[in-house]
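Below, chains carry the letters A, B, ... as their sequence lines are ordered, and counting in each starts from 1.
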Amino acid sequence: MIRPIAILVGLGFSIVVLLAFVTGAYTWATEETQPTAEHEFHIAPHAPEGGFAHDGPLGTWDVAQLQRGYQVYKEVCAACHSLKYVAFRDLAGLGYDEGQIKAEAASYQVPGIDPNTGEATFRPGLPTDYFPSPYPNAVAAAAANNNAIPPDLSLMTKARHHGPEYVYSLLTGYDAIPAELTQEFPDFETPTGLYFNQYFPNLNLAMAPPLTTDGQVTYAEGNPQPTIRQMSADVAAFLTWTAEPKMVERRQTGWPVLGFLIFATILAFFAKKQVWSSATPGRKDD
Amino acid sequence: MSFPWAKEYTPANPVMKFLDEKLPLPRLVYNAVGAGYPVPRNLNYMWNFGVLAGFFLVLQIVTGVVLAMHYAADATVAFAKVEHIMRDVNWGWLMRYSHANGASFFFVVIYLHIFRGFYYSSYKAPREMVWLLGVVIFLLMMATAFMGYVLPWGQMSFWGAKVITGLFGAIPVVGEPLQVWLLGGFAPDDAALNRFFSLHFLLPFVIAGVVILHIWALHIPGSSNPTGVEVKSESDTVPFHPYYTAKDGFGLGVVLVLFAVMLFFLPNYLGHPDNYIEANPLSTPAHIVPEWYFWPFYAILRAFTMDFILPAKLWGVLAMFAAILIWFFLPWLDRSPVRSGHYRPLFRKFFWFGLIPVMAVLFYCGGAPAEEPYVMLSQLATAYYFLHFLVILPLVSSFEKPEPLPYSITEAVLGSDKKAVLGENTTPAT
C-alpha cells in the first residue's frame, strides 16, 4: 500500500516542479534579459601591488604599516566612521607601549559624567575606553551625511567578500565614468550626492572620495611616500587588524596544532595497521 | 548482546569489580564500544562517520557551553557579545571558530553517514529503527543549527530567521498566527532570540539522548557491512576494540587535520560576510542564503515557482519538508532483498549517475542567487530527487538482477570461507 502512495506523491511533486520548469524555461528563452550597468561594469576588488603582509597562511602583521593605517583612519576616516569594537588598550597590538596608549586615549574626548554635578559631559579617554563615535547617535549621523549612515569600520574587512582588497580598491577606485559605459548605457548617471566607483556593487556610492591628494596625511620619517595608493593599502591593512586582531595569533597557533595532528595521525595509521595485521591473515586487500 | 560469541566483561581489579556489581557502567561501555561488541570484519572507511559524528556532537556541546558563558541573548548586545568573545575572552576566538566550523564538519560527516546508508541500504530490516532514529537526529540537528546561526544576530542571522519562520506563514489559515507564535512577535527580535538560545542549548542534549537510542537500536542486530550479508559466525566479526577503535582513531586523525586547516586558516570560508554586519531590520541583504548545509533543501524550496492548485510558496514548503520526511519511509519503499549497492547494478547506476550529481546540483543552486539558470537547474534536480526516492527506488528491484552475493563476510574478505567449504554452517543462510 505504501509504495503506490509513494509513487503518486513522487510523481505529484515531480510534475508540479517540472511544470514550473517548463514555464520558467519558456520565459527564459523568450524574454531577453536586459544587461545592466552594475552587472557589466562592476569590477572585482584586487590587492595592492605586492599584496598585504598578512596574506596567506604564513602572513604576519606589518606593524609599521598598521601604524600608518591607524594614522590614516585617525586623520581621515574617523571624521565620519566609528570603530566601536576597538578599545585604546588594543593599540598594544600595533606596537605602542603603555605610555603611548595612555597619551593616545587622552587625545580623544569620550562621553562621561561630571563627577560634581552628575551631568553628561566629555572627558579625556582612558586605555579601557573604546574609540568614540564621531556622531552622538544614528540620527545625527544620517542628518550629517545625506541620510547615508557611515558604517562602523571595526569589522568592515570581514563584512565584505575579499574585505582588505575591497577596501583598498574602493578607496583607489573613484574615477570618471568610462566612455564605454556611457556609450552602452546612455541613461546611466550618478545622482547628485553620490560618487561613481566601479568597485561598489551598484557603481554609485554615498561616500565622497576620502583620499584625494598624495600627501594628504604626513607620514613620519622613514615611511613610504603617502600616495593615495599607499594610504589606501595602509588603512586596508589597519582595518584587517581591527576586524580580527587575533588573526596572526590564530595562524601561529594553527601550525603547531597541525604538526601535532599530522604526527598523531601517522602514528594512528601505523597503530591501526599493527592491530589489524594480527586479525586478518591472508586478507585480499593487504 | 547481539552474538553468542561476544566477549563478556570481566572486571580486572577490585575497584572495577565493586563498580560492576553496584553500577555496571564499565560493562555497558565494554559492550557498546569495547571488546564486547563484535563487528563485521569487513567494514570500510565509510563506517567511520558514526563515531566521527559522535565526536563532533561532543565538541559542539563543549565549545557551546563555554561560549554560552560569555554570550547574552539580548538583541541590543548579542552581536557585541560575539565580538567580545572574539577579542577579549581568552581563547574565545578558538572556541567560537571551533563551534562555527564544528557545525559544518558535523554536517559533513552526517551527510557522508546518511549517504553511506543510502548506498548500502543500511535502513533495511532488521535496522529500520536505527534508520528512523537517525532521521530524527538529522531533523533535530537542522533545527539546532538553524537556531544557532541566529544567535550572533548578524544580518544573515536576522534575515535567515525571518525567511525560515516565514515558511510557516505559507500554511493556510493557521500559518500567520503560527509564525507570530513561533517568533513571539511579528519579526525576529528579543523574544525570538531568547527562545532560540534556550532551545539551541537544550536540543543538543536531546540529540545526545536520541544518539544513545540510535546506538542501542544498532546493537540489537549489530552493525551492517559493505557486503550486506549478515554475520553468520564468529569468523565474520572482530571485537570493536581494538580493531575499530584503531581504525576510527586513524579516521578521526584525518578529519581533525582537515578541521584544523579550516579552523586556523580559513575560519570564515564557510560563513557569509553579511553576518559580520549587525542585524538591521530596515536593510535587506541582496541575497539571503542559509548556511551551506541547508542549500539542497533551500534549492528545493525555491524550485516551486508556479501556483498549481496550491500557491507556489506552499508547494515549496511542502516539498522541502517532504524531501527529508520521505527518508522515514525508505525501509518500506526499497523492496530489494539485496542490501548492498555493491551487488545491485541498476540501483548503483541510479545512485552514482542520478542521486549524487543531483545532490551536487541542489547544493550548488541552493547557494546561488534565485536567478536563471540556477532556478531551472534546481527544478530538474528537484524532480529527479523525488522520482529517485519515491518512484525509482520502489520499482528498481523489479527490473534488476542482483549480482551474486558472497556466501559470508569471511568469504568476501578472504576469498573463501572454510566453513562454507566444509559445510560447517552454523546459522542457516537467509
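Atoms CD and OG1, on B:Gln379 and A:Thr23 in that order, are 7.0 Å from each other to the nearest 0.5 Å. Expressed to the nearest 0.5 Å, how far CD1 of A:Ile2 lies from CG of B:Leu390 amounts to 9.5 Å. With rounding to the nearest 0.5 angstrom, the CZ atom of B:Phe250 is 9.5 Å from the CZ atom of A:Phe270. Of the inter-residue distances, the one linking B:Leu393 atom CG with A:Ile7 atom CD1 reads 10.5 Å to the nearest 0.5 angstrom. Rounding to the nearest 0.5 Å places CG of A:Leu258 at 9.5 Å from CG of B:Leu258. Atom NE2 of B:His272 sits about 4.5 Å away from atom NE2 of A:His161, to the nearest 0.5 Å.
Proximity to chain A is limited to the side chain of B:Ala322, based on heavy atoms less than 4.5 angstrom apart. For A:Ala87, no part lies under 4.5 angstrom from a heavy atom of chain B. The contact between B:Tyr97 and chain A is made entirely by side chain atoms (from C-beta outward), counting heavy-atom distances below 4.5 Å. For B:Val375, no part lies under 4.5 angstrom from a heavy atom of chain A. Contacts of B:Trp93 with chain A are made by side-chain atoms alone, with heavy-atom separations under 4.5 Å and no backbone atom involved. Using a 4.5 Å cut-off between heavy atoms, B:Glu278 contacts chain A through its side chain alone, with no backbone atom that close. Interface remark: B:Leu263 contributes backbone atoms only to the contact with chain A (heavy atom separation under 4.5 Å).
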| Step-by-step side-chain contact (heavy atoms from CB on, under 4.5 Å) determination, B:Val238 to A:Trp276 | CA-CA 10 Å; B:Val238 289; A:Trp276 279 84; 4.1 Å; yes

| message | Does B:Leu318 form a side-chain contact (heavy atoms from CB on, under 4.5 Å) with A:Phe13? I'd like the steps, not just the answer. | response | CA-CA 9 Å; B:Leu318 288 174; A:Phe13 275 122; 4.3 Å; yes

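The aromatic rings of B:Phe79 and A:Tyr85 sit tilted, their planes meeting at an angle between 30° and 60°. Note on ring orientation: taking the six-membered ring where Trp is involved, the planes of B:Phe265 and A:Trp255 are tilted (angle from 30° to 60°).
Your options are A:Leu8, A:Thr27, A:Val17, and the one with the most heavy-atom pairs under 4.5 Å with chain B is A:Val17. Looking only at heavy-atom pairs under 4.5 Å with chain B, the residue among A:Gly56, A:Ala20, A:Pro57 that has the most is A:Ala20. Between chain B and the residues A:Val257, A:Leu267, A:Thr253, A:Leu18, the most heavy-atom pairs under 4.5 angstrom are made by A:Thr253. Counting heavy-atom pairs under 4.5 Å between each of A:Gly12, A:Ala268, A:Ala271, A:Ala159 and chain B puts A:Ala159 at the top. Each of A:Arg89, A:Lys84, A:Glu249 has some count of heavy-atom pairs under 4.5 Å with chain B, and the biggest count is that of A:Arg89. Residue with the most contacts toward chain B among A:Ile266, A:Ile262, A:Leu11, A:Leu19: A:Leu19 (heavy-atom pairs, distance under 4.5 Å). In terms of heavy-atom pairs under 4.5 Å with chain A, the best-connected choice from B:Ser378, B:Gly249, B:Pro273 is B:Pro273. Counting heavy-atom pairs under 4.5 Å between each of B:Asn268, B:Asn275, B:Val257 and chain A puts B:Val257 at the top. Chain A forms the most heavy-atom pairs under 4.5 Å with one residue out of B:Pro373, B:Pro267, B:Gly271, B:Gly251, and that residue is B:Pro267.
Counted within 6.0 Å of NE2 on A:His46, heavy atoms from surrounding residues, nucleotides or ligands total more than 12; the atom is thus considered enclosed. Open room surrounds CZ on A:Phe260; 12 or fewer heavy atoms of other groups in view lie less than 6.0 Å from it. The environment of A:Gln274 atom CD is sparse: at most 12 non-hydrogen atoms of other residues, nucleotides or ligands sit within 6.0 angstrom. When the shell of 6.0 Å around CZ of B:Phe308 is examined, it contains 12 or fewer heavy atoms from other residues, nucleotides or ligands. For A:Trp28, the CH2 atom sits in a loose shell: 12 or fewer heavy atoms of surrounding residues, nucleotides or ligands are nearer than 6.0 Å.
For residues 132-158 of chain A, a heavy-atom distance under 4.5 Å to chain B picks out A:Ser154, A:Leu155, A:Lys158, given by residue number.
The two residues A:Arg250 and B:Phe264 make their nearest non-hydrogen contact at NE-O, 3.0 Å. When all heavy atoms are compared, the tightest approach of B:Phe386 to A:Ser14 is CB-OG, 3.9 Å. Taking every heavy atom of both residues into account, A:Tyr130 and B:Asp88 meet most closely at OH-OD2, 3.4 Å. The heavy-atom pair separating A:Leu261 from B:Ala260 by the smallest distance is CD1-CB, 3.7 Å. Residues A:Ala25 and B:Met376 share a closest heavy-atom pair of CA-SD, 3.4 Å. Scanning all heavy atoms of the two residues, the minimum distance from B:Leu387 to A:Gly10 falls at CD2-O, 4.4 Å.
Side-chain contact between B:Met86 and A:Lys246 is absent, with no heavy-atom pair separated by less than 4.5 Å.
Judged purely by atom type and a 3.5 angstrom limit, B:Arg87 uses its side chain to pair as donor or acceptor with the backbone of A:Thr242.
In this view, B:Pro369 and B:His287, B:Glu371, B:Tyr374 satisfy the side-chain contact (heavy atoms from CB on, under 4.5 Å) rule, not counting sequence neighbours.
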